[in-house]
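Being a predicted model, the structure only gives us computed values, none of them experimental.
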Amino acid sequence: MGVTKEDVEAAITSSLSPSSLVVTDTSGGCGASYEIEVVSEKFEGKRLLERHRMVNTALAPHMAEIHAVSIKKALTPAQAQPQPEPAADKAPQA
């Protein structure tokens with residue numbers, strides 16, 4: 001049997017202690033392909049490539065059975081906060 005969504009979630013959770021984690025099986029249920037969105041304090045001060053490597057390292061024990069992993073988001077908690085809309089400088093002139 002392939003890797004389950006729960007296996008992926010457990011591996012990432014134990015390694016990165018995320019504050020938010022969304023794992024989506026995009027393989028139609030066979031466990032060969034996943035999309036991942038993860039928010040973790042452990043990403044603080046890391047470049048995007050380093051963050052992706054951290055996720056891949058967490059999944060290393062399962063990678064022989066996973067065909068594809070797409071890391072859609074690897075953010076710090078501050079980056080995951082909604083950004084306020086910039087206020088218009090002036091109201092439109094009539």
Donor-acceptor contact present, side-chain S40 to main-chain K42, <3.5 Å: yes
Check: D7 side chain, T4 main-chain N or O, donor-acceptor pair, under 3.5 Å: yes
Closest non-hydrogen atom pair, E44 against P77: OE2-CD, 3.9 Å
If hydrophobic clusters are built by linking Ile, Leu, Val, Met, Phe, Trp and Tyr wherever their side-chain heavy atoms come under 4.5 Å apart, do M54 and V23 end up in the same one? yes
Go through the steps to decide whether V3 and L59 satisfy the test side-chain contact (heavy atoms from CB on, under 4.5 Å), and finish with yes or no. CA-CA 10 Å; V3 176; L59 295 175; over 6 Å; no
Nearest-0.5 Å distance, CG of residue D25 to CD of residue E6: 9.5 Å
Quick one, R51 with V55, criterion side-chain contact (heavy atoms from CB on, under 4.5 Å). Give me CA distance, side-chain angles, the key distance, then yes/no. CA-CA 6 Å; R51 296 173 186 190; V55 174; 5.9 Å; no
Is there side-chain contact between L16 and L21, with heavy atoms separated by less than 4.5 Å? no
Assigning hydrophobic clusters by single linkage (Ile, Leu, Val, Met, Phe, Trp, Tyr; side-chain heavy-atom cutoff under 4.5 Å), is L48 placed with V69? no
Validation row: V8, I66 side chains within 4.5 angstrom (heavy atoms): yes
Between CD of E41 and OG of S19, what distance do you get to the nearest 0.5 Å? 7.0 Å
Assigning hydrophobic clusters by single linkage (Ile, Leu, Val, Met, Phe, Trp, Tyr; side-chain heavy-atom cutoff under 4.5 Å), is F43 placed with I12? yes
Flag, side chain of T13 to backbone of E9, donor-acceptor distance under 3.5 Å: yes
Let's go through K73 and V22 carefully: what are the C-alpha distance in whole Å and the side-chain angles of both, what is the deciding distance for side-chain contact (heavy atoms from CB on, under 4.5 Å) to 0.1 Å, and is it a yes or a no? CA-CA 9 Å; K73 294 181 184 175; V22 177; over 6 Å; no
Closest approach of Q79 to A74 (non-hydrogen atoms, all atoms of both residues): OE1-O, 4.5 Å
Specify the closest pair of heavy atoms between S27 and A32, including all atoms of both residues, with the distance to one decimal. OG-N, 3.3 Å
Connected via hydrophobic side-chain network under 4.5 Å: L75 and V38: no
